[in-house]
Amino acid sequence: MLYASTRNSGLKVSSAEAIVKGIADDGGLFVPTEIPKVSLEKISNLANKTYTQRAKEIMSLFLTDFSAEEIENCVLSAYNSNNFGSDEIAPLHTLGDAEILELWHGPTCAFKDMALQILPHLMTCSIKKCNIKKEIVILVATSGDTGKAALEGFADVEGTRILVFFPENGVSKIQKLQMLTQSGKNVGVASVYGNFDDAQTGVKRIFGDEEYNKKLDSEGFRLSSANSINWGRLLPQIYYFSAYCDMVKKGRIKVGDKINICVPTGNFGNILASWYAGKMGLPVNKFICASNANNVLTDFINTGIYDKNRSFHTTSSPSMDILISSNLERLLSDITGDEKGVSGWMQELGKNGKYEISPETKKVVSERFFGGFCDDEATKASICKVWNEHKYLMDTHTAVAYNVYEQYVAETGDKTPTVIASTANPYKFNSAVYSSISPQAKIENMDEFDILDALNRKTGLEIPKSLSELKTKAVRFDTKCAKEDMINVVSGMLGIK
Ligand SMILES: *Cc1c(COP(=O)(O)O)cnc(C)c1O
């Protein structure tokens with residue numbers, strides 16, 4: 001199977017090349033040139049298998065240039081009870097009529113681990129296959145969770161360096177501490193004055209700077225990406241097959257029944273993975289795209305106009321504080337198959353911050369997707385309600401999805417069983433979660449670790465060790481920079497002039 005750029009179908013590469021490069025030379029994103037099909041019979045079959053077996057079978061369909069042994073090694077090194085607490089990897093939790101798909105049992109407590117525990121293994125395999133002798137420099141812009149998950153995944157991985165930029169005032173305190181205390185010889189972390197889009201744009205600019213890339217080449221380095229613009233990030237996110245299989249096993253559905261999938265969305269990576277699962281044959285009725293106050297996607301789904309010219313909100317669900325959802329480009333490419341159209345829209349987005357899709361494309365988008373959003377108050381109310389009614393604690397991102405799921409049901413009356421992607425452990429966003437269920441608490445007077453303890457006393461849920469031990473870990477990084485200076489920070493971290 002080959003992969004082509006969304007902006008030029010003539011630019012074709014193998015999956016190993018797509019993973020090593022991260023982004024196509026023309027600025028487009030790599031997409032599979034065909035979508036493999038998974039029959040209902042095959043799904044029945046997968047239902048009786050473990051998570052690792054399911055992952056192996058689904059990923060093999062896309063990684064046709066990898067041997068079965070290589071895929072097996074990658075999958076087993078990533079998805080084990082050591083990294084994910086149990087062999088379930090991504091368990092389902094029934095909540096009334098919905099099924100919560102818990103994607104946060106990995107080492108950094110967010111769903112990014114699902115992909116970033118395996119990506120370094122896919123990457124080292126790919127580097128060998130492509131016979132690359134340079135050191136691969138993974139350059140990441142993060143709204144909080146990708147950065148830590150990528151640092152954790154790539155720390156001390158031979159042949160790689162990992163450099164992470166996060167917005168100085170755009171991540172939670174826990175997220176910041178997680179990154180600044182990262183161990184490993186090959187890691188670097190800096191914050192950017194600005195928001196996530198500034199950091200992301202800065203990173204994209206470095207990727208696109210030909211002269212700088214030549215210089216890196218002469219110094220023995222080559223850039224790659226661990227953001228969800230990298231195909232290797234999306235592929236492991238096709239865990240919706242596993243969720244479906246578990247629903248079959250539980251007797252919630254029969255093979256062939258449709259489900260809805262509701263995803264708290266930022267860069268459109270996680271929900272796009274569910275879209276591809278649907279294209280492969282997973283029976284999906286609606287894709288429910290949940291946003292926070294940065295509701296650019298809600299408007300897009302409802303109007304066909306993507307317009308990032310609006311104020312940016314810093315919310316209690318910071319991993320979704322994004323106005324440029326990069327992976328939408330892949331969806332539009334898949335729906336239209338029109339590389340000229342897609343390039344044009346992306347050019348308009350770059351120039352005017354805005355584009356409008358054709359009426360036919362808009363029709364497909366609004367038939368298949370439901371877009372909704374909620375603000376911080378409503379997010380808190382959802383956390384509190386679900387805690388009071390079910391004694392189930394959601395993080396802020398999951399709560400946005402839950403809120404929008406309820407809006408969808410109220411609006412449509414649709415009773416289709418729904419999988420809600422739960423993307424973070426509630427302890428990771430402790431202040432917002434604790435104040436949601438303890439409105440009287442004076443959290444201004446508490447530090448991060450007091451809040452972890454208070455949340456533990458209130459709920460009885462175990463504090464993840466990786467978070468409680470942050471208290472005693474030394475901070476290793478203190479670089480802060482303007483977005484224009486990111487390139488110099490990269491040079492500094494690599495030790496080049
Ligand atoms: C990254 C992230 C999201 C958004 O996922 P996208 O793939 O960027 O849409 C939602 N919730 C959490 C906790 C995240 O870390």
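All values below come from the heavy atoms of this structure, side chains included, with hydrogens, waters and symmetry mates left out. When a ligand or atom number is given, it counts from 1 through the structure's own listing order. Note that the numbering runs from 1 along the sequence shown for the chain.
- The residues lining ligand 1, counting any heavy atom closer than 4.0 Å, are F111, K112, D145, P264, T265, G266, N267, F268, G269, N270, S319, M320, H397, T423, A424.
- Classification of the Y79-F84 ring pair by plane angle, with boundaries at 30° and 60°, yields tilted.
- Both cation-pi conditions hold for K391 and W387: the charged atom is under 6.0 angstrom from the six-membered ring centre and inside a 45 degree cone around its axis.
- Residues F287 and F370 keep their aromatic ring centres 6.0 Å or farther apart.
- Defined by atom type and a distance below 3.5 Å, a donor-acceptor pair is present between the side-chain atoms of N294 and N292.
- Between K308 and D197 there is no salt bridge, since no side-chain N of the basic residue sits under 4.0 Å from a carboxylate O of the acidic one.
- For the side-chain contact (heavy atoms from CB on, under 4.5 Å) with H105, the qualifying choice from P464, S86, S81, P91 is P91, the only one to do so.
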